[in-house]
> 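Quick one: this structure, given as structure tokens, is what I'll be asking you about.
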Amino acid sequence: MCGIIGYVGEHQAVPVILDGLRRLEYRGYDSAGLAVMGAETIEVLRAAGKLANLEELAFDQPPRGSVGVGHTRWATHGAPTEANAHPQVDADGHIAVVHNGILENYADLRRELLDQGVPLASDTDTELIAQLLGRATGSLFERVEAVLSRLVGQFAVVAVSRDEPNTVVAFRNGPPLVVGVGDDEMIVASDVVALLHRTKRVIYLENGDIAVVHQHEAHIHNDGRAVDRPVETLDWDAGRMDKGGFRHYMLKEIHEQPDAIRNTVRAYLNADRTAVNLGDLGFDHDRLAEVRRIHLVACGTSWHACLVGKFLIERLTGLPTEVDYGSEYRYREPLVGPDVLVVGVTQSGETADTLAAMELGKDAGALLGTICNVRGSSSWRMAQARMLTQAGPEIGVASTKAFTTQLVAMVLLALALRQVRGLSDGTDTEIIRQLLRLPLAIEQAIEGSEEAYDQATQLLAEATDSLFLGRGCLYPIALEGALKLKEISYLHAEGYPAGEMKHGPIALLTEGFPIVTVAPATPTREKLLGNLMEVRARGAVVIAVAEREAADVAQVADIVLPIPAVDRLLQPIVTTIPLQLLAYRVAVELGLDVDQPRNLAKSVTVE
Ligand code: F6R
């Protein structure tokens, strides 16, 4: 959701804040702002729209000062206007606040402040925090302590006060905050990507923490007591966060998949690469052996990875596996207990709904695991056993390499469960061999066929609707392909199991209707081809993802997006690539903002 940064240090704050916001912009980009502690006043700049508008404002006469806060917004309360952009200030302009999250008691607090005659200048819940802090008394820390109990909901807040020109105060309940510890500066941020290029030493704040941050030190309190939080050293490489010569982050990240997959596979194998190394997974062998059922919880693209995971785990281990949306799990009263392994699958490790589902599992005594792309994130710290997908930072809002590495992690998890249950045999070594060869297959899939992509792109770019069809564990890949197209090209696309077409959706078909299908060699391919004949008979045009040499598919499909032949278990991973490239090309063809699609944000930290 929103990106937050706070700076206190040796240097001018504005360039550091703008640079940090540029790196955070993928978390929200409908307005932006900053506040800098001047000699006597807090100077606030805000602009609706992309960060470039704020940069332009700051360019001519940047506010001078070495303490400040900045924000890039994904609107919750109030339209994305200048007035609703952050920082928000109190009535006297003494305190400035940036905020990520939602105050659930917004309406009550707003009414209370209006009844007290406080003039409100915005529709935001954030302004209410600034006004409450302004009306409290004492130091900024004391004011935060006094106001904290009045705030209901999920929030991460960074505040500065004119009366304490060398201090930034940060507090959280829910969305993440980290304090970066530099040599002559401290940077508070909602995400390590904002500060990684300045320091790799970070302190993760816990829920309820209030951090009083000065240039050389940070004092953290929780529930009225001073607490020590460890300084951790990040192993991410800041250099991997530029576009590296590609036109968009999404395209760069698609091309990074062979490496990301290679690294994820290697991270969890033993030295001679013949078995999964359970120790590295962090699983307690005995505890894992007690597991009788598996619940996979996630949202969006990560949920699609879970659907594939269910096929893999059930097929390879026989353990009944359920998949839930994070936002539904806790409201359906799931049958969960100590014999269940609950795995929160989340790229960011910060998705509020997934975290809430994990929390439920933990409270019920389940063994709690996570598959996650961010070491140190909330899901990482909550879980008892963790698998880190080695995708590295993903900046494009539409997930690509984080998804395919999640699929790899699912295969590794299934192998780990086989090992613990004494099921390992020659199958396992063969799967591992295939996994080690997978990066090459991904490279070949990325190469594709220029002509086929051009034709398919044209067809979709001129359409308003499309259907994506798959069967078995390729049906979730159809869902993912449709989601990618929706997200970045704004074209309506739905994923369906191919066999379901005649139970309703076939009524949609007219002459030229595009059908995209995931059709590698499987035992059900003939049935899928039958389904495709039915749609073609009704005028649909078929784009198929299939092996270059698949003559039977070529006979039925109008366009084939080629992939190399791979083992059935790995087909979901390889067939994803053409669908990513297709969505990307369609968005580019339509002239859309591929990396920052409208209305979206990378990390969804509110319910
Ligand atoms: C789509 C996408 C989202 C996320 C979802 C959950 O491309 O990335 O659907 O998968 O918002 O996010 P994580 O995986 O961070 O929990």
Side-chain angles (χ1 to χ4, degrees), residues 1-2 26-28 74 100 174-176 190-193 248-251 253-254 257 260 296-309 323-329 342-359 369-380 382-383 386-389 391-407 409-410 468 476-477 479-490 493 495 576-577 579-584 587 592-607:
M1 304 263 102
C2 308
Y26 71 115
R27 294 182 68 115
W74 185 86
N100 176 22
S190 50
D191 189 325
V192 293
V193 300
H248 296 100
Y249 280 111
M250 182 178 176
L251 189 59
E253 288 157 3
I254 289 173
Q257 289 176 108
L296 303 174
V297 291
C299 302
T301 283
S302 300
W303 182 77
H304 297 154
C306 294
L307 294 179
V308 176
V323 177
D324 273 87
Y325 285 115
S327 54
E328 294 292 328
Y329 189 63
V342 173
V343 185
V345 181
T346 162
Q347 315 148 35
S348 61
E350 303 295 352
T351 300
D353 288 319
T354 304
L355 294 176
M358 290 173 69
E359 195 82 54
T370 189
I371 294 175
C372 167
N373 195 41
V374 183
R375 191 190 292 279
S377 62
S378 300
S379 81
W380 181 266
M382 189 193 294
R386 306 129 167 184
M387 284 184 81
L388 186 72
T389 47
E394 191 178 68
I395 307 295
V397 164
S399 180
T400 51
K401 59 178 181 168
F403 174 67
T404 46
T405 51
Q406 283 174 344
L407 297 181
M410 289 292 178
F468 283 61
I477 302 308
L479 290 176
E480 173 62 9
L483 179 64
K484 285 292 90 101
L485 189 69
K486 273 189 269 218
E487 277 184 295
I488 59 172
S489 72
Y490 317 145
T576 297
I577 308 296
L579 301 184
Q580 295 171 342
L581 285 167
L582 187 57
Y584 172 78
L592 297 170
D593 188 341
V594 173
D595 287 330
Q596 295 182 346
R598 74 179 176 213
N599 302 338
L600 293 175
K602 185 74 179 163
S603 172
V604 185
T605 51
V606 295
E607 254 190 77

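Just so it is clear, the values below take in all heavy atoms, side chains as well, and ignore hydrogens, waters and symmetry mates. Residues take their numbers from the sequence shown, with the count starting at 1. Just so we're clear, the structure is a prediction, and the values are computed from it rather than from any experiment. Just so you know, ligand 1 is whichever comes first in the structure, and atom 1 is the first atom listed for that ligand.
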> Give the atoms of ligand 1, by number and element, whose distance to some non-hydrogen atom of Ser302 is under 4.0 Å.
10 (O), 13 (P), 14 (O)

> Of Ile371, Val345, Thr301, which has the heavy atom at the shortest distance from atom 2 (C) of ligand 1?
Thr301

> Examine ligand 1 and decide if any of its atoms is less than 4.0 Å from a heavy atom belonging to Asn373.
no

> Should you measure from each heavy atom of Thr351, which atoms of ligand 1 turn up under 4.0 Å away?
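Those of ligand 1 that fall under 4.0 Å from Thr351 are 6 (C), 12 (O), 13 (P), 15 (O), 16 (O).
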
> Going by side chain to side chain contact (heavy atoms under 4.5 Å, CB included), name the residues that satisfy it together with Ala298, two or more places apart in sequence or in a different chain.
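For Ala298, the residues satisfying side chain to side chain contact (heavy atoms under 4.5 Å, CB included) (neighbours in sequence not counted) are Ser302, Trp303, Cys306, Val345.
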
> Under a 4.0 Å heavy-atom limit, does Glu487 contact ligand 1 with its side chain, its backbone, both, or neither?
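Just the side chain.
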
> Do the side chains of Leu407 and Ile477 get nearer than 4.5 Å, heavy atoms only?
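Counting from C-beta outward, Ile477 and Leu407 do come under 4.5 Å.
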
> So if I count the atoms of ligand 1 from 1 in the order they appear, which ones are less than 4.0 Å from some heavy atom of Val397?
7 (O), 8 (O)

> Looking only at non-hydrogen atoms, find the nearest pair between Ile371 and Ala409 and report the distance.
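Closest pair (atom of Ile371, atom of Ala409, distance): CG2-CB, 3.7 Å.
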
> For a quick test of reading the model, state the closest non-hydrogen atom pair linking Ala383 to Gly369 and the distance between them.
CB-C, 3.8 Å

> When Val297 is tested against each of Asp353, Thr370, Thr346, Val342 for side-chain contact (heavy atoms from CB on, under 4.5 Å), which residue passes?
Val342

> Given side chains that start at C-beta, do those of Arg598 and Asp593 come closer than 4.5 Å, heavy atoms only?
no

> Applying side chain to side chain contact (heavy atoms under 4.5 Å, CB included), name anything that partners Ser190, two or more places apart in sequence or on another chain.
Ile4, Leu24, Arg27

> Just jot down the ligand 1 atoms closer than 4.0 angstrom to any heavy atom of Ala398, in number order.
7 (O)

> Examine ligand 1 and decide if any of its atoms is less than 4.0 Å from a heavy atom belonging to Lys484.
yes

> To which of Ser348, Gly300, Ser399 does the heavy atom nearest atom 7 (O) of ligand 1 belong?
Ser399

